[in-house]
Amino acid sequence: MKLSKYPWIWILVATLFATVLGSGNRLLNIGGIFPIGGSGGWQGGQACQPAAMLALDDVNNRPDLLPGYKLNLAWNDSLCEPGLGAAVMYDLLYNPPIKLMLLGGCSTVCTTIAEAAKMWNLVVLSYGSSSPALADRQRFPTFFRTHPSATVHNPTRIRVMQKYGWSRVAIIQQAEEVFISTVEDLEVRCKKAGIEIVTRQSFLTDPTDAVRNLKRQDARIIVGLFYVVAARRVLCEIYKNNLYGKSYVWFFIGWYEDGWYEQHLEEEGLNCSREEMRLAAEGHLTTEALMWNKEREKTISGMTAGDFRLRLNQALIERGYENQSTPVGYQEAPLAYDAIWSVALALNVTMEKLKAKNKSIEEFSYTNKEIADELYKAMNATQFLGVSGRVAFSTDGDRIAWTQVEQMSDGRYIKLGYFDVQTDNFTWFNKERWMNGKVPADRTIVRRQLRTVSLGLFISMCTISAVGSVWALLLLIFTFVHRHRRFIQLSHPACNNITLVGIGICLSSIVLLGLDGQFVSEENFPVICGLRAWCLSLGFTLAYGAMFSKIWRVHRLTTKTKIENKARVEPWKLYVMVGSFVVVDIIVLSVWQGVDPLQRTLEVFPLEVPKDTVEDIKIKPELEHCESQHNTIWLGVLYGYKGLLLIFGLFLAYETRSVKLKQINDSRLVGMSIYNVVVLCLITAPVTLVISAQQDAAFAFVSLAIIFCCFLSMALVFVPKIIEVIRHPGERVESEGNAAPSKEEEERYQKLLHENEDMQRLIAEKEEKIRLLKLKLQERAAIRAREQLQASENHILTGSEDPMQMRLRQGGGERCQETSFYEERPAHRREPSYPPCTAVAC
Ligand code: ABU
């Protein structure tokens with residue numbers, strides 16, 4: 001945009017010249033660049049330009065200021081675009097009259113013009129630039145601003161975070177220098193304050209991915225830095241990603257106009273409704289430098305901030321803003337007003353200084369370094385009470401200001417407090433409102449939850465295990481009471497007793513398996529781990545080892561040759577066998593315990609959302625396990641050795657499946673019990689490893705397997721003995737000792753068994769033969785009866801009888817009948833009855 005295209009500006013300037021010259025005052029010219037139009041950045045010129053014009057009037061009406069001169073402002077619109085801003089600046093500088101200073105707004109434009117202005121020895125004063133980058137004196141040596149730097153928000157943000165104990169925050173920013181430099185400052189301050197920045201997301205125009213990343217990082221306290229157009233886009237994404245509500249706190253910049261989140265939605269192509277935007281914006285915090293003087297005292301212009309507001313409102317109405325919400329830059333308008341006063345005061349001071357040197361401000365040119373330095377010094381020293389508060393500039397040219405914190409509550413901004421970073425004065429009104437009435441946490445609150453065996457299951461299994469143990473004890477008593485009975489003696493009661501002891505220990509281990517974190521402390525848990533291993537291992541070895549030894553004995557007795565049989569399998573050998581198994585167990589378990597003891601380890605599961613609470617928490621389920629460092633090796637040794645025992649036992653049970661020994665009368669039942677144990681163990685061990693993460697299922701599975709094995713073994717081995725005692729309560733009791741039959745007796749017993757089997761086979765064959773003979777006789781008799789019937793029918797039809805037939809009829813008078821098997825047949829199957837046969841006829 002060229003000024004030559006807008007002749008009305010020059011007409012205005014010329015009119016002013018004529019008016020001022022006509023009134024005897026000369027003009028002191030300054031240039032102004034205002035961001036008014038455009039669609040990006042900050043269009044604060046809309047309210048700031050009218051405010052500047054008000055100030056110009058007020059300054060020019062003051063006789064004590066710039067005596068003999070009138071201040072004149074030539075200005076144009078930059079649209080908050082740096083390129084256009086530079087063009088406007090060149091137009092101002094290359095067209096007369098000479099400008100003594102430049103006035104600028106919007107950080108992006110001021111960054112461009114303030115960097116260039118030093119080449120023309122021009123002081124640049126900004127009423128609307130917040131970029132911390134502008135505080136760089138090397139790059140912007142002649143820059144001042146009445147607008148505080150955006151870094152003034154950072155100490156306030158940190159103060160608020162500390163107030164609520166938030167130590168984990170995230171940042172999302174528009175990729176503009178103003179925000180990048182603000183975030184850099186914020187990062188340094190956060191680090192100093194011990195606040196972790198969990199993520200820093202940046203975007204150029206589309207914040208979709210940046211907002212999604214915030215969600216992924218579980219950000220809860222989020223500082224957002226962007227111009228208002230981008231802020232609306234971010235808010236819409238916040239709504240879409242559900243990043244609002246009771247669990248989130250957003251820090252936005254406070255200089256957006258009221259109602260910013262529900263304006264221009266259609267124009268900017270946002271697919272969020274007003275209601276959705278309102279919902280997403282509810283509860284957010286803003287920080288902003290105080291731009292309106294809070295006090296009611298009169299300022300340099302003789303007005304209070306309130307008076308200024310009235311005048312500004314009037315000026316805006318005159319410019320046609322009455323029908324819409326406050327124009328952009330309304331908040332910064334006092335800064336623009338005070339900027340003109342700053343210029344006037346600085347020029348005033350410079351004029352006096354130059355006067356003392358017999359020089360005039362009119363001598364200023366873009367190459368006049370001396371007057372430029374005087375202007376710089378005067379501006380640097382400017383101090384006054386303006387409508388924006390006390391105006392003063394730091395060595396970096398920054399405005400020193402208070403900041404205020406506000407919160408959006410029911411669509412309105414509520415002031416929460418003020419912070420003066422210079423005096424560390426933090427004023428808080430306790431008016432904040434949080435959804436659910438609780439301050440949101442800065443992270444997901446994770447509650448550890450130990451997964452334990454459910455009480456009902458534990459009690460049920462313990463009860464069954466107790467019943468089993470009592471049953472085992474009763475069976476021990478039963479065996480002891482009936483120890484003199486022959487069938488008890490022949491079942492090798494010592495082995496049975498060892499089995500019962502093993503079963504009792506195995507059943508007790510169920511209680512140990514269910515003892516977890518709900519009953520046992522962390523320190524005592526390793527003891528339970530050790531006890532579990534010892535009980536299960538020894539219990540199994542005793543119970544299974546005793547049965548194994550019995551079946552081993554049966555196998556030996558049935559497979560030895562006669563000569564070998566001379567050397568009997570002594571009963572003590574069985575005890576030695578069980579004893580050796582126990583010794584192996586003790587060695588393995590002791591070495592395991594000593595070298596690499598079982599410890600409590602925790603398996604951690606993915607976070608879960610609790611169902612029964614509205615609290616913003618997540619559950620971290622944990623499960624206790626007993627593990628050694630080299631768990632696999634130890635389990636491999638133990639399972640390997642016991643697995644071999646199981647498989648060998650299975651083989652022996654199969655081999656001796658049809659053997660009946662008088663010496664061990666329950667060998668078949670023991671064999672069945674071994675099958676059962678082997679099958680269950682071979683299933684349970686691998687399945688338990690797979691389902692070990694499900695405490696209830698694993699506990700139930702192992703417990704039921706133990707219970708099933710134990711109960712079935714007891715039932716198979718002992719129930720027949722109990723039945724025998726019930727059936728034959730008065731059976732002769734054998735004398736104690738020498739209970740086991742001799743080898744010869746055993747052989748005789750075996751021989752008799754075989755003879756018995758042969759005889760039974762012979763009887764069966766004879767019976768079959770008799771049955772076949774009977775069948776044959778029946779058939780023959782039936783045929784004969786049919787033939788006789790046929791013959792008599794023929795006789796009736798022909799009326800002639802041969803002499804033989806006559807004789808038969810006369811001589812007998814009775815019917816011919818065989819006295820055979822017919823009589824024994826049922827009535828309905830009988831043939832018609834005939835007189836008994838004579839010897840001849842039959
Ligand atoms: N308060 C408006 C700041 C605008 C800017 O720094 O560009």
Side-chain angles (χ1 to χ4, degrees), residues 13 16-17 20-21 24-33 52 55-56 59-60 62 64-75 86 88-104 110-127 129 134-146 300 338-384 391-399:
V13 172
L16 274 168
F17 259 101
V20 173
L21 286 174
N25 285 333
R26 278 160 295 167
L27 284 177
L28 293 176
N29 293 292
I30 57 171
I33 302 171
L56 210 64
V59 165
N60 285 333
R62 281 282 291 261
D64 56 331
L65 260 181
L66 308 173
Y69 291 95
K70 289 285 176 195
L71 196 57
N72 178 46
L73 175 70
W75 67 273
V88 171
M89 183 185 81
Y90 295 137
D91 271 343
L92 286 170
L93 297 187
Y94 289 121
N95 287 302
I98 285 178
K99 312 296 177 306
L100 291 164
M101 283 189 197
L102 281 180
L103 220 59
C110 276
T111 308
T112 309
I113 62 169
E115 204 163 14
K118 63 186 175 205
M119 312 312 292
W120 283 271
N121 289 312
L122 274 174
V123 165
V124 176
L125 178 60
S126 172
Y127 53 86
S129 302
L134 287 162
D136 183 350
R137 269 277 168 259
Q138 299 289 323
R139 204 172 142 199
F140 312 102
T142 60
F143 179 77
F144 292 91
R145 53 183 160 185
T146 49
I300 192 164
D338 286 344
I340 294 289
W341 274 92
S342 304
V343 171
L345 290 170
L347 287 174
N348 209 37
V349 170
T350 311
M351 278 166 60
E352 279 169 18
K353 283 210 177 150
L354 290 174
K355 200 173 173 187
K357 291 186 194 170
N358 276 334
K359 288 191 175 169
S360 164
I361 191 112
E362 290 174 65
E363 291 170 34
F364 177 76
S365 72
Y366 297 136
T367 50
N368 191 329
K369 184 90 175 66
E370 189 192 354
I371 298 180
D373 285 347
E374 288 300 338
L375 279 170
Y376 176 85
K377 278 186 213 153
M379 184 61 83
N380 208 17
T382 301
Q383 277 198 39
F384 65 94
V391 179
F393 302 105
S394 73
T395 44
D396 294 334
D398 274 348
R399 171 84 186 269

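These numbers come from a predicted model, not from an experiment.
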Expected list for residues 345-358: side-chain donor-acceptor pairs under 3.5 angstrom, two or more places apart:
{"unit_1": "N348", "atom_1": "OD1", "unit_2": "L66", "atom_2": "N", "d": "2.9"}
{"unit_1": "T350", "atom_1": "OG1", "unit_2": "A346", "atom_2": "O", "d": "2.6"}
{"unit_1": "K357", "atom_1": "NZ", "unit_2": "E374", "atom_2": "OE2", "d": "2.9"}

(message) Quick check for you: to the nearest 0.5 Å, what is the distance between L71 atom CG and L100 atom CG?
(response) 8.5 Å
(request) Would you please classify the geometry between the F393 ring and the F144 ring as parallel, tilted or perpendicular, with 30° and 60° separating the classes? (result) perpendicular
(message) Please report the interatomic distance CG(L27) to OH(Y69), rounded to the nearest 0.5 Å.
(response) 10.5 Å
(request) Enter the distance from L28:CG to I98:CD1 here, rounded to the nearest 0.5 Å. (result) 12.0 Å
(request) May I ask you to test the F140-T111 pair for a side-chain heavy-atom distance under 4.5 Å? (result) yes
(request) Locate the shortest heavy-atom distance separating T382 from A378; write the atom from each residue and the value. (result) OG1-O, 2.7 Å
(message) On a heavy-atom basis, which atom in P97 and which in N29 lie closest, and how many Å separate them?
(response) CG-ND2, 3.0 Å
(request) Walk me through it: do S342 and V391 pass the test side chain to side chain contact (heavy atoms under 4.5 Å, CB included)? (result) CA-CA 8 Å; S342 304; V391 179; 4.0 Å; yes
(message) Looking at every non-hydrogen atom in both residues, tell me the closest pair between A114 and V124 and how far apart they are.
(response) CA-CG2, 4.1 Å
(request) Could you pull out the closest heavy-atom pair between Y366 and L92, with the gap in Å? (result) OH-O, 4.3 Å
(request) Check G104 against I113 and note the closest heavy-atom contact, atom names and distance. (result) CA-CD1, 4.4 Å
(request) Mark yes or no for whether S126, through its side chain, and R145, through its backbone, hold a donor-acceptor pair below 3.5 Å. (result) no
(request) Would you indicate whether the side-chain heavy atoms of W341 and R62 approach each other to under 4.5 Å? (result) yes
(request) Write down the atom of T112, the atom of A86, and the distance for their closest heavy-atom approach. (result) CG2-CB, 4.0 Å
(request) Would you please classify the geometry between the Y90 ring and the W120 ring as parallel, tilted or perpendicular, with 30° and 60° separating the classes? (result) tilted
(request) Please test K377 against D373 for salt bridge (Lys or Arg N to Asp or Glu O under 4.0 Å), starting from the C-alpha separation and ending with a verdict. (result) CA-CA 6 Å; K377 278 186 213 153; D373 285 347; over 6 Å; no
(message) Just verifying a value: how many Å separate N72 CG and K99 NZ, rounded to the nearest 0.5 Å?
(response) 8.5 Å
(request) Determine whether I340 and L103 make a side-chain contact, defined as any pair of heavy atoms from C-beta on separated by less than 4.5 Å. (result) yes
(request) With rounding to the nearest 0.5 Å, note down the distance linking NZ in K369 to OH in Y376. (result) 10.0 Å
(request) Answer whether the closest heavy-atom distance between the side chains of D338 and F384 falls below 4.5 Å. (result) yes
(request) Kindly compute the distance separating CZ (F143) from CZ (R137), expressed to the nearest 0.5 Å. (result) 8.5 Å
(message) Can you confirm whether M379 sits close enough to L125 that some side-chain heavy atom of one is under 4.5 Å from a side-chain heavy atom of the other?
(response) yes
